[in-house]
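These notes concern the structure reproduced below.
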2 protein chains.
Amino acid sequence: MIYATQDIIDTLKGARAAKGLSQRALSKRTGIPQSHISKIESGGTDIRLSSLIELARALDLDLKLVPRKAVPAVDSVVRGTVPTVSATPAIRELNRTLEAIRNLSAVYPNLSELKQLRDGFHALKTLRDVGQKLGALRDIGKRIRGLQQTGSNLAKWGSPIEQSKAAHHEANIPAEHLQALRGAVSAVQNLRNRLVHTQPWQPSPPRPAYRLDDVGEDEDG
Amino acid sequence: MIYATQDIIDTLKGARAAKGLSQRALSKRTGIPQSHISKIESGGTDIRLSSLIELARALDLDLKLVPRKAVPAVDSVVRGTVPTVSATPAIRELNRTLEAIRNLSAVYPNLSELKQLRDGFHALKTLRDVGQKLGALRDIGKRIRGLQQTGSNLAKWGSPIEQSKAAHHEANIPAEHLQALRGAVSAVQNLRNRLVHTQPWQPSPPRPAYRLDDVGEDEDG
DNA sequence: ATCATTGATATGCTTTGCTATATCATTGTT
DNA sequence: AACAATGATATAGCAAAGCATATCAATGAT
């Protein structure tokens, strides 16, 4: 519709894409129907403030009213805080897999392999030349994502209800899944080693800690 | 309702107050009914994006989605750009009178006295100790505001329709009004002289920074 | 004491966001 | 070829925004 409206919508859309979230995934996070998200992103509706804030929150964005004259400075700061303006395919792929890992963590909490995986992917994100390994990233991501769609038993893994249910009586992971996870872990470590080897003077990763709900730390790169 | 919602609403409310705009004045600017603005400000409604942007635009605010990670920096920048956290009564009074001057300018365009008045008030805003002259400011403001409510002939001065109508066949100002305007001009100049005299080493163009309450005075000539 | 301004509310009415549930065409994967 | 994921669309119904118009109490100005 209006010019400023489209700007906001585009930001939402871009942030979602950068995080590797599908409309359905975002829908499950926010409780907003996918059909509605589609309508919003195509500019076909005049979204309400509560919905906007809900979407923004799920995308780690904060809605701010900034004085017009401060806008250039604010834009500059935002650009400075967020390394690259638009997410690279590699970053999108990383975030997408990170999301899958998060979903798996909801089903299998306290699984050290998942923690290692998440740690490894976070480390990968700090490496500048990760874009050169897009193929390998997609490969690993594919394997990990494959674990969450095993039949319909995990079909609704994204919904908060199922999450809490899963957290209660912890499911036991199939042996082959565990094996796949361990394979992924070593693949990630392998990949990282190769990348670090390429750029030996890379400073040690400034991300010491990670949180369980660390998706909030993902930046659209 | 939600925290973030209230934050936005409070900003709108504060910006309006800082500009010395009544709900009705803002209503005329935006086309949004005063009753609705009241409901919005009291948190009783889930405003739509288009309305929010419309209100923001009228208050010289811009709606931004900023990455959570960048929020502290953005807040800092905004705070740094806006020296006055909350508008002082003197600034509010100044903006309120500036608004009245703008309305009069819509009725009497090309009236040099109005231009002088606006310039004078603009200059006053740059003086740090203007707060000491609140009484005088109110006095002058009262006189100026008195000119816009002469009967109902100017009752709807705020609406865009009436503004454009007025711009077409330029009304001629009553003699006593012109005289009042000239009196106000010299009063403002007098006031500014006294203030400048009080602080002789005021740096020439302080132009320190922008203010939240600083109306975009440049737009309507 | 009269009158204008302000913000809060109310009412009737229309529009539209939002939900819930599906379907569909594309695309990519096995 | 079979299958899953994606985004776009559709329908029906409910709730709420939004508009227009008024009224009212409190405040302040003349």
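So that the names make sense, note that chain A is the first sequence line, chain B the second, and so on, each numbered from 1. None of these values were measured; they are calculated from a predicted model.
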(request) Please report the closest heavy-atom contact between B:A123 and B:R192, naming both atoms and the distance. (result) CB-NH1, 3.5 Å
(request) Round to the nearest Å and state the distance from A:K28 atom NZ to C:dA20 atom P. (result) 14 Å
(message) Which is more 5' along DNA chain C, the nucleotide nearest B:S42 or the one nearest B:G20? Just name the residue.
(response) B:G20
(request) Check each of B:N103, B:L114, B:L181 against B:Y108 using the side-chain contact (heavy atoms from CB on, under 4.5 Å) test, and report the only one that passes. (result) B:L114
(message) By the 4.0 Å heavy-atom rule, please label B:S22 as base, sugar-phosphate, or nothing.
(response) sugar-phosphate
Collect all protein-nucleotide pairs involving nucleotides 18-29 of chain D in which both atoms are nitrogen or oxygen and the distance is under 3.5 Å.
unit_1, atom_1, unit_2, atom_2, d
D:dG18, OP1, B:R48, N, 2.7
D:dG18, OP1, B:S51, OG, 3.2
D:dG18, OP2, B:H36, NE2, 3.0
D:dT21, O4, B:S35, OG, 3.2

(message) Could you check whether any side-chain heavy atom of B:F121 comes within less than 4.5 Å of a side-chain heavy atom of B:I140, counting everything from C-beta outward?
(response) yes
(message) Check B:E113 with B:R182, please: is the shortest side-chain N to carboxylate O separation under 4.0 Å?
(response) yes
(message) Whether the side chain of B:S51 engages the backbone of B:I47 through a donor-acceptor N/O pair (distance < 3.5 Å, no angle test) should be reported.
(response) no
(message) Between A:N110 and A:K115, is there a side-chain donor-acceptor contact under 3.5 Å, judged purely by atom types and distance?
(response) no
(message) Taking B:E99 first and then B:R145, would you say they form a salt bridge - that is, a charged N and a carboxylate O separated by under 4.0 Å?
(response) no
(request) Check the distance between C:dC18's P and A:I53's CD1 and give it to me in whole angstrom. (result) 12 Å
(request) Could you tell me whether B:K69 and A:D60 have a side-chain N and a carboxylate O separated by less than 4.0 Å? (result) no
(request) Please report, rounded to the nearest Å, how far the P atom of C:dG17 is from the CD1 atom of A:I9. (result) 11 Å
(request) May I ask you to check whether B:D10 and B:Q6 show a side-chain donor-acceptor distance below 3.5 Å? (result) yes
(message) What is the distance, to the nearest angstrom, from the CZ atom on A:R145 to the P atom on C:dT30?
(response) 10 Å
(request) Using a cut-off of strictly less than 4.0 Å, decide whether A:S38 has a side-chain nitrogen or oxygen near OP1 or OP2 of D:dG7. (result) no
(message) What's the angle between the local helix axes at either end of the helix from C:dA1-D:dT30 to C:dT30-D:dA1, using five pairs per end and rounding to 10 degrees?
(response) 40°
(request) For A:E54 and C:dG17, give me the distance from atom CD to atom P, rounded to whole Å. (result) 18 Å
(request) For A:I37 and C:dA20, give me the distance from atom CD1 to atom C1', rounded to whole Å. (result) 14 Å
(message) Need one value for B:R16: base, sugar-phosphate or nothing, where a base atom within 4.0 Å counts as base even if backbone is also close, heavy atoms only.
(response) sugar-phosphate
(message) Without decimals, in angstroms, what is the distance between A:K13 NZ and D:dG7 C1'?
(response) 9 Å
